[in-house]
Amino acid sequence: MILLNYFYKIQIIIGYYCLCVNAEKDNAYCQCMSKLNRQSIFHSLEEYCVVNNVKFNATSVKFEKMKKMVKINAGTYFIGTNNPIFSADGEAPKREVVLNNFYIDKFEVSNEEFMAFINATGYVTEAENFGDSFVFEGLLTQSTKDKIHKAVAQAPWWLPVKQASWQHPEGPNSNIIFRMDHPVVHVSWYDAVAYCSWMEKRLPTEAEWEVACRGGLSDRLYPWGNKLMPNNQHRANIWQGNFSTENTEEDGYKGTSPVTTFSQNKYGLHNIVGNVWEWTADWWITKHSHDRQINPVSMGRFYHL
């Protein structure tokens, strides 16, 4: 499946976690930052977890979120494609995977939901600890851009903004007061795992995510079929116009859209493509085996820059 790779309208670092509930129990998984790793992500939680030395019980919150999940049945599925558009992204080859039952959230994690986690635990995100994060230049005021003299070398539309965080997506003069139903952004992988731990869930593997994204379809460009705009209707919050200088906002949004917009596939999942980037539990790799795999997990290698 080709997932609109270069059309995403994104604010770094993340919005959508695609939470699954088939976790086991191991308190090592609950700890954040230095004790978290991708090998332990599939271990389970104890009844209580500790985040920033705050002990809490996620039972009541978990109950509410469980009502907003869908079950993906165990079975044999195909992921990947033999006709990649962006080969460097590791879209090929088409390959068979066997998965166990798992549940996945219908909606991206909203600012309101993430705020509940912060209020309950006192957790501090990595962007807040670092003191800055990257923001798409089209979302910034000219006065803010005038103060910035650096950019991402291969993607100069991403600019480092001081004090940009989940509460202040475009920097200290911005807020989320009128975006509580929008996806949370500026969230690192560690932040996402800490939130999942609090919810007694976990991130999905890449294979689980793609199977959920496809919505039961095979060999289609998008979760809903092969047409970007079936019946001339927008099905995702993506870029319209000349990237990255002109956004015509034909879908109605300059930045993110509420998490409940754009129902996209037969599983009833919203914004499974578009809106924001998404974290998975395992590593992103570009070379995949043709062999049939059972519950595959990519264990890549971390390189220090």
Side-chain angles (χ1 to χ4, degrees), residues 13-52 54-74 77 79 97-110 113-114 116-118 120-121 123 125-126 183-184 187-213 259 267 269 271-272 276-285 293-300 302:
I13 301 175
I14 191 185
Y16 190 25
Y17 304 130
C18 292
L19 305 181
C20 304
V21 299
N22 51 339
E24 301 171 3
K25 292 193 174 183
D26 178 0
N27 199 47
Y29 165 63
C30 298
Q31 304 299 325
C32 59
M33 301 307 176
S34 61
K35 293 187 178 180
L36 283 176
N37 61 69
R38 295 181 189 241
Q39 283 72 21
S40 66
I41 189 70
F42 303 102
H43 295 170
S44 62
L45 314 151
E46 292 185 355
E47 180 179 0
Y48 288 91
C49 293
V50 177
V51 176
N52 285 3
V54 178
K55 194 174 185 180
F56 50 85
N57 189 338
T59 302
S60 60
V61 179
K62 175 184 176 182
F63 176 76
E64 290 300 315
K65 286 290 287 183
M66 277 291 291
K67 295 188 293 186
K68 299 178 182 178
M69 305 188 82
V70 295
K71 180 182 180 181
I72 310 299
N73 291 322
Y77 300 91
I79 62 174
V97 295
V98 180
L99 301 179
N100 294 335
N101 292 321
F102 67 98
Y103 288 79
I104 195 162
D105 284 351
K106 292 181 181 179
F107 309 109
E108 300 159 326
V109 177
S110 69
E113 291 166 337
F114 195 75
F117 160 62
I118 298 296
T121 65
Y123 182 85
T125 63
E126 289 201 307
V184 63
V187 175
S188 73
W189 185 86
Y190 290 102
D191 300 333
V193 171
Y195 175 86
C196 291
S197 172
W198 181 65
M199 290 296 298
E200 297 186 332
K201 301 182 183 181
R202 66 166 173 83
L203 292 170
T205 64
E206 184 175 0
E208 289 170 336
W209 183 89
E210 184 168 338
V211 166
C213 181
V259 300
Y267 293 156
L269 301 180
N271 292 291
I272 197 73
V276 287
W277 274 326
E278 303 161 9
W279 288 117
T280 60
D282 46 347
W283 294 92
W284 174 60
I285 60 175
Q293 294 181 301
I294 299 175
N295 297 312
V297 179
S298 300
M299 293 299 181
F302 185 81

Can you see which heavy atom on Ala192 is nearest to which on Trp279, and at what distance? CB-CD1, 3.9 Å
Taking all non-hydrogen atoms of both residues into account, name the closest pair between Asp282 and Glu206 and its distance. OD1-N, 2.9 Å
Smallest heavy-atom separation, Glu208 atom then Phe102 atom, equals O-CZ, 3.4 Å
Quick check: do Pro296 and Leu99 have side-chain heavy atoms less than 4.5 Å from each other? yes
Could you tell me whether the side chain of Asn271 and the main chain of Val259 form a donor-acceptor pair under 3.5 Å? yes
Does Val98 reach the side chain of Asn295, with side-chain heavy atoms less than 4.5 Å apart? no
Is there side-chain contact between Ile104 and Val70, with heavy atoms separated by less than 4.5 Å? yes
Could you check if a side-chain atom of Glu113 sits within less than 4.5 angstrom of a side-chain atom of Met199, using non-hydrogen atoms only? no
So which atom in Ala212 and which in Tyr267 form the shortest heavy-atom distance, rounded to 0.1 Å? O-CD1, 3.4 Å
Looking at every non-hydrogen atom in both residues, tell me the closest pair between Lys71 and Asn73 and how far apart they are. CE-OD1, 3.5 Å
List for me each residue that meets side-chain contact (heavy atoms from CB on, under 4.5 Å) alongside Ile118, sequence neighbours excluded, and say none if there are none. Phe114, Tyr123, Trp166
On a heavy-atom basis, the closest approach of Ile285 and Ser298 is CD1-OG, 3.6 Å
Pairwise side-chain contact, Trp209 with Ile272, heavy-atom cut-off 4.5 Å (strictly under): yes
